[in-house]
Amino acid sequence: MKFNPQIYKLPDVPRQPFIDEQEILDYINNSKPSKERVREVIKKAVDKNRLSLEETAVLVNANDPELIEEIKQGARELKEKVYGNRIVLFAPLYIGNKCANDCKYCGFRASNKDAIRQTLTDYQIVKEIEALEDNGQKRLILVYGEHREYDADYIAHTVSLAYSVKKGNGEIRRVNINAAPLSDEGFKKVKDAGIGTYQIFQETYHKPTYERYHPSGKKADYDYRLTSLDRAQDQGLDDVGIGALFGLYDWRFEVLALVRHTNHLEACYNVGPHTISFPRIQNASNLDIDDNYLVSDADFARLIAILRLAVPYTGMILTARESARIRNEVIHFGVSQIDGGTKLELGSYSMNLNQKQDLNKEQFKVNDDRSLNEIIDELLKDNMIPSFCTACYRLGRTGEHFMEFSVPGFIKTKCTPNAILTLAEYVLDYAPEDTATRAWQVIDKNLELMDDPKMKESLEKRLQKLRDGQRDLYY
Ligand code: SAM
Ligand code: SF4
């Protein structure tokens with residue numbers, strides 16, 4: 001039978017599973033695109049058009065090294081054209097590692113008796129946040145195992161606690177969450193606590209593989225997890241992050257499934273994911289996975305570039321799971337957010353632990369142990385603007401990445417000035433002298449590039465206000 005991609009397509013019904021394994025496998029196995037077709041698809045994406053599943057499959061199946069290079073070049077171009085040279089910085093804060101699930105790749109899984117279990121007390125959370133603020137952090141993602149202790153009330157409580165901690169000029173202005181799926185009521189509670197993004201990664205969209213790696217606990221239910229962000233959307237929590245854990249199954253399948261998930265959210269809720277994450281399996285205490293599908297560095301770079309082209313409006317998050325070398329390379333393919341100064345061991349920010357990592361205390365191994373300032377320094381050397389901006393979220397401008405992407409001039413009048421203001425705050429309050437000098441040079445250079453004299457004048461006035469001691473100025 002001739003391959004007809006349309007015949008398998010599932011209808012997009014809210015809260016209904018929307019992944020058709022056969023449909024995705026057909027795309028992977030039956031598409032042998034010509035060079036012309038691949039170039040046509042790259043061009044479409046670089047011209048700021050969202051790609052269909054079929055078009056994404058064209059990129060996934062382009063194996064010629066010359067075409068792979070063109071895909072990466074396309075992602076670089078799109079990133080420069082749409083997002084400019086800003087990178088948003090954040091830090092993860094692990095609140096508790098008790099877990100009732102048994103994900104075979106995770107050091108926190110219930111059957112791992114070597115894991116040292118801990119939930120931070122409120123006092124410890126405050127100390128951790130003070131230490132993060134002392135470093136200059138403004139944006140956090142709170143991370144939890146899946147356990148009855150970490151219910152919606154507890155998550156909402158920790159979010160409010162995080163917002164309440166102020167030290168010196170330090171404060172947390174945006175709290176995102178990475179935790180288990182909640183009930184409808186639960187999503188409503190955490191939304192009301194003022195969270196930014198709620199991230200839930202499907203880990204693998206391939207159901208047989210999913211079932212093998214999630215043998216017990218609530219997370220064993222593939223469909224419940226798959227439709228969890230539908231429940232969030234139904235409760236008005238429209239700022240959601242999706243992701244796949246690369247290395248469990250064929251990366252090409254996961255990329256197409258992430259695009260399928262995006263299609264589903266767009267079709268049912270008229271809003272795509274705020275962010276897409278692409279964690280890659282790292283070593284963990286008692287890691288128990290097959291190595292058949294581990295993703296090479298080359299394929300990792302490729303899949304990030306393909307995701308950038310396929311969903312040009314979404315934020316893309318690259319974490320310290322990856323080494324500084326890999327991060328410095330793939331950041332140019334359209335990554336918009338990275339973490340800095342990351343520590344996964346519970347309580348380690350305030351204890352200023354710098355000793356060798358102990359896998360029994362962490363979820364997985366961190367490969368980029370640069371401090372936040374070291375990362376900022378390197379971004380500046382690379383002519384990028386490190387940003388702690390939280391303006392859209394606080395002004396109720398939801399869909400910020402979509403606005404950056406679709407509203408002409410949004411980057412020039414909002415994002416770049418806000419990035420500069422938050423960088424200036426960091427410099428005034430936390431940066432050592434050499435970083436400060438470098439940062440002011442980057443700020444001056446970006447001011448010179450501003451073509452709207454009114455905007456430039458307004459920004460210069462605000463920079464002066466920051467020097468005079470005001471804080472938290474944004475557009
Ligand atoms: N417990 C919640 C859950 O599973 O959804 C919260 C998330 S978990 C603490 C954060 C994410 O880390 C997981 O969703 C998974 O993708 C990732 N992860 C788990 N083990 C990992 C490993 N060995 N290497 C890299 N990432 C891993
Ligand atoms: Fe628990 Fe999440 Fe780890 Fe699975 S990935 S064992 S749910 S902490």
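This one's a predicted model, so the numbers in the text were calculated from it and none came from an experiment. As a basis for the values below, the full set of heavy atoms in this structure was taken, side chains included, without hydrogen atoms, waters or symmetry mates. Atoms within a ligand are numbered from 1 in the order they appear, just like the ligands themselves. For this chain, numbers begin at 1 and follow the sequence in order.
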- Query: Passes side-chain hydrogen bond (donor to acceptor under 3.5 Å, both in side chains), Tyr144 versus Thr158? Steps please.
  - Reply: CA-CA 11 Å; Tyr144 314 73; Thr158 52; 2.7 Å; yes
Among all protein heavy atoms in this structure, tell me which lies nearest to [atom], with the distance rounded to 0.1 Å.
atom: atom 7 (S) of ligand 2; result: Asn101 ND2, 3.3 Å
atom: atom 2 (Fe) of ligand 2; result: Lys219 NZ, 4.0 Å
atom: atom 3 (Fe) of ligand 2; result: Cys106 SG, 2.3 Å
atom: atom 4 (Fe) of ligand 2; result: Cys103 SG, 2.2 Å

In ligand 1, which numbered atoms sit nearer than 4.0 Å to a non-hydrogen atom of [X]?
X: Gly145; answer: 1 (N)
X: Ala284; answer: 23 (N)
X: Lys219; answer: 3 (C), 4 (O)
X: Cys106; answer: 20 (N)
X: Val143; answer: 9 (C)

- Among Ile71, Asn49, Thr56, the one residue meeting side chain to side chain contact (heavy atoms under 4.5 Å, CB included) with Leu309: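 Option passing the side chain to side chain contact (heavy atoms under 4.5 Å, CB included) with Leu309: Ile71.
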- Message: Does the residue Ile281 have a heavy-atom contact with ligand 1, meaning some pair of atoms that are separated by less than 4.0 Å?
- Response: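 It does; at least one heavy atom falls under 4.0 Å.
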- Report yes or no: does a heavy atom of Arg280 sit under 4.0 Å from some atom of ligand 1?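 Flag set, Arg280 near ligand 1.
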- Query: Do any N/O atoms on Asn283 end up under 3.5 angstrom from N/O atoms on ligand 1?
  - Reply: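 For ligand 1, there is no N or O atom that lies under 3.5 Å from one belonging to Asn283.
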- Would one find an N or O of Tyr144, backbone or side chain, under 3.5 Å from an N or O of ligand 1?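 For ligand 1, there is an N or O atom that lies under 3.5 Å from one belonging to Tyr144.
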- Aromatic Tyr224 / basic Arg231 pairing, under 6.0 angstrom, 45° off normal: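 The answer is yes, since Arg231 meets both limits relative to Tyr224.
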- Query: Taking the six-membered ring of Phe333 as reference, does the NZ or CZ atom of Lys72 fall below 6.0 Å from its centre and within a 45° cone about the axis?
  - Reply: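 Because its charged atom misses either the 6.0 Å distance or the 45° angle limit, Lys72 does not stack over Phe333.
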Donor-acceptor under 3.5 Å ([X] side chain, [Y] main chain):
X: Asp368; Y: Arg370; answer: yes
X: Tyr198; Y: Asp238; answer: no
X: Asn29; Y: Leu25; answer: yes

Using a strict 4.0 Å cut-off to heavy atoms of [X], name the atoms of ligand 2 that fall inside it.
X: Arg109; answer: 6 (S)
X: Cys99; answer: 1 (Fe), 6 (S), 7 (S), 8 (S)
X: Gly145; answer: 8 (S)

Using a 4.0 Å heavy-atom cut-off, say whether [X] meets ligand 1 through its side chain, its backbone, both or neither.
X: Asn178; result: both
X: Tyr105; result: both
X: His214; result: neither

- Message: Taking 4.0 Å as the limit for heavy-atom contacts, which would you say applies to His214 with ligand 2: side chain only, backbone only, both, or neither?
- Response: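 Neither; nothing of His214 gets under 4.0 Å from ligand 2.
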- Parallel, tilted or perpendicular: ring planes of Tyr430 versus Tyr426, cut at 30 and 60 degrees: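 Aromatic pair Tyr430/Tyr426 classed tilted.
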- Query: What is the ring orientation for Tyr393 with Tyr163, classed by angle as parallel under 30°, tilted 30 to 60°, or perpendicular over 60°?
  - Reply: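 Parallel: the ring planes of Tyr393 and Tyr163 meet at under 30°.
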- Query: Under 6.0 Å between ring centres, would you say that holds for His206 and Tyr222?
  - Reply: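 They do not qualify: ring centres at least 6.0 Å apart.
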- Query: Between the candidates Arg225, Glu146, Glu362, Glu203, which shows the shortest non-hydrogen contact distance to atom 5 (O) of ligand 1?
  - Reply: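 Considering heavy atoms of Arg225, Glu146, Glu362, Glu203, the nearest to atom 5 (O) of ligand 1 sits in Arg225.
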- Item | Neighbour count above 12 (heavy atom, 6.0 Å) for Lys48 NZ |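 Counting neighbours around NZ of Lys48, more than 12 heavy atoms of other residues, nucleotides or ligands fall under 6.0 Å, so yes.
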